[in-house]
> 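Please see the structure below; I have some questions.
Remember, predicted model here, so these are calculated numbers, not experimental data.
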Amino acid sequence: TATIRTASVDVSRFPYAIGTTTDLITKGNVTINGPISQNDNTINFNNMFGISKTTMEANANHLYTESTFSQPVDGITWVNVSSGGTLTIAGSFTGSGILVVNGDMRISGTADFNGIVYVIGALTMTGNATINGSVIAESSATADTTLQGSVTLNFNLLEIQGALTNVQFLNKQIVAWREQ
């Protein structure tokens with residue numbers, strides 16, 4: 001018999017409707033309901049999720065590249081983008097949970113997502129996008145985060161909390177063991 005303790009992820013590590021390590025540029029009809037953080041050098045994947053990128057990727061429910069990306073997007077979805085490439089989401093897109101894009105991402109269609117979008121690269125959102133939860137862009141110093149068109153970001157603690165339940169079982173420890 002084993003007793004296993006799972007680590008809960010602290011929702012307070014996701015305090016923003018949008019957080020970015022670079023400048024945030026908004027154009028058009030952009031609505032951000034909740035806190036904003038830009039040029040934030042405290043954004044760090046391991047600290048925010050409590051696990052490494054490698055662990056998250058290895059335990060993702062869906063693993064895509066920019067050329068194989070499709071639905072479903074739920075639980076933990078990890079997308080690896082080739083060097084110099086961009087994950088472009090055009091048309092209609094819905095999803096929930098945690099979406100991690102390891103590379104540049106451009107949303108240019110109609111998007112509806114509930115949870116956490118974490119981009120390790122440049123993020124551009126245009127078109128008609130609604131994100132309920134938190135958006136984080138961990139970009140290089142030369143890649144600004146751009147929102148334009150009809151983009152709505154709604155900070156939603158319940159959606160963040162729900163998304164983080166996908167991570168809590170990835171960081172587990174055996175705290176007691178008994179053989180019978």
> Please, which pairs that meet ring pair (Phe, Tyr, Trp, His ring centres under 6.0 Å) have at least one residue in residues 120-140, sequence neighbours excluded?
none

> Indicate the atoms forming the closest heavy-atom contact of Phe155 with Ala17, along with that distance.
CD1-N, 3.7 Å

> So, using ring-ring contact (aromatic ring centres under 6.0 Å, His included) as the criterion, who are the partners of Tyr64 when residues are at least two apart?
Phe69

> If you round to the nearest 0.5 Å, how far is CZ of Arg13 from OG1 of Thr42?
12.0 Å

> How long is the span from the CG atom in Leu63 to the CG atom in Asn102, to the nearest 0.5 Å?
10.5 Å

> Evaluate side chain to side chain contact (heavy atoms under 4.5 Å, CB included) for Val30 paired with Ile32, printing each intermediate quantity in order.
CA-CA 7 Å; Val30 175; Ile32 302 173; 4.0 Å; yes

> Treat each ILVMFWY residue as a node, draw an edge where side-chain heavy atoms are under 4.5 Å apart, and state whether Ile51 and Ile160 are in one component.
yes

> Please determine whether side chain to side chain donor-acceptor pair (under 3.5 Å) holds for the pair Asn61 and Asp74, giving the CA-CA distance in whole Å, both sets of side-chain angles, and the decisive distance to 0.1 Å.
CA-CA 8 Å; Asn61 301 89; Asp74 56 20; 5.9 Å; no

> Check the side chains of Asn80 and Glu57 for a donor-acceptor pair under 3.5 angstrom, ignoring hydrogens and angles.
yes

> Among residues at least two apart in sequence or on other chains, which ones pass side chain to side chain donor-acceptor pair (under 3.5 Å) with Ser82?
Glu66

> Under the side chain to side chain donor-acceptor pair (under 3.5 Å) rule, collect the residues that match up with Thr54, sequence neighbours excluded.
none

> Going only through I, L, V, M, F, W and Y residues with side-chain contacts under 4.5 Å, is there a path from Phe14 to Val117?
no

> Provide the full list of salt bridge (charged side-chain N to carboxylate O under 4.0 Å, His left out) pairs with a residue in residues 121-133, sequence neighbours left out, each pair given once.
none

> For Ala163, is there any backbone N or O sitting under 3.5 Å from a side-chain donor or acceptor partner on Asn166?
yes

> Got a sec, which pairs hit salt bridge (charged side-chain N to carboxylate O under 4.0 Å, His left out) with one end in residues 40-55, sequence neighbours left out?
Lys53-Glu138

> Got a second to check how far Ile76's CD1 is from Trp78's CH2, nearest 0.5 Å?
9.5 Å

> So, do Ile43 and Ile136 sit near enough that their side-chain heavy atoms are less than 4.5 Å apart?
yes

> State which residues pass side chain to side chain donor-acceptor pair (under 3.5 Å) with Thr88; sequence neighbours excluded, sorted by chain then number.
none

> Could you check if a side-chain atom of Phe93 sits within less than 4.5 angstrom of a side-chain atom of Leu99, using non-hydrogen atoms only?
yes

> Under the rule for side-chain contact (heavy atoms from CB on, under 4.5 Å), what residues qualify as partners of Thr145, not counting sequence neighbours?
Ile18, Thr20, Thr22, Leu24, Leu123, Ala137, Ser139

> Work out which heavy atom in Gly133 is nearest to a heavy atom in Glu159; give both atom names and the distance.
CA-CB, 4.2 Å

> Please identify each residue that fulfils salt bridge (Lys or Arg N to Asp or Glu O under 4.0 Å) with Lys27, with sequence neighbours left out.
none

> What distance do Leu164 atom CG and Met48 atom CE have between them, rounded to the nearest 0.5 Å?
9.0 Å

> Answer whether the closest heavy-atom distance between the side chains of Thr77 and Val100 falls below 4.5 Å.
no

> With a 4.5 Å cut-off on side-chain heavy-atom distances among I, L, V, M, F, W and Y, is there a chain of contacts connecting Val79 to Ile131?
yes

> Keeping the roles fixed (side chain from Asp144, backbone from Thr146), state whether a donor-acceptor pair exists under 3.5 Å.
no

> Among residues at least two apart in sequence or on other chains, which ones pass side chain to side chain donor-acceptor pair (under 3.5 Å) with Asn33?
Asn154

> Can you measure from CD (Gln148) to OG1 (Thr124) and round to the nearest 0.5 angstrom?
7.5 Å

> Write down the atom of Met56, the atom of Val167, and the distance for their closest heavy-atom approach.
CE-CG2, 4.0 Å

> Would you say that Val81 contacts Val101 through its side chain, given a criterion of any heavy-atom pair below 4.5 Å between the two side chains?
yes

> If you look only at distance, which donor and acceptor atoms sit under 3.5 Å apart when one is on a side chain in residues 104-114 and the other is two or more places apart or in another chain?
{"residue": "Asp104", "atom": "OD1", "partner": "Ala122", "partner atom": "N", "Å": "2.8"}
{"residue": "Asn114", "atom": "OD1", "partner": "Asn132", "partner atom": "ND2", "Å": "2.9"}

> Please answer whether the main-chain N or O of Leu147 pairs with a side-chain N or O of Thr26 as donor and acceptor at a distance below 3.5 Å.
no

> State which residues pass ring-ring contact (aromatic ring centres under 6.0 Å, His included) with Tyr118; sequence neighbours excluded, sorted by chain then number.
Phe45, Phe49

> Just verifying a value: how many Å separate Thr31 OG1 and Leu153 CG, rounded to the nearest 0.5 Å?
8.5 Å

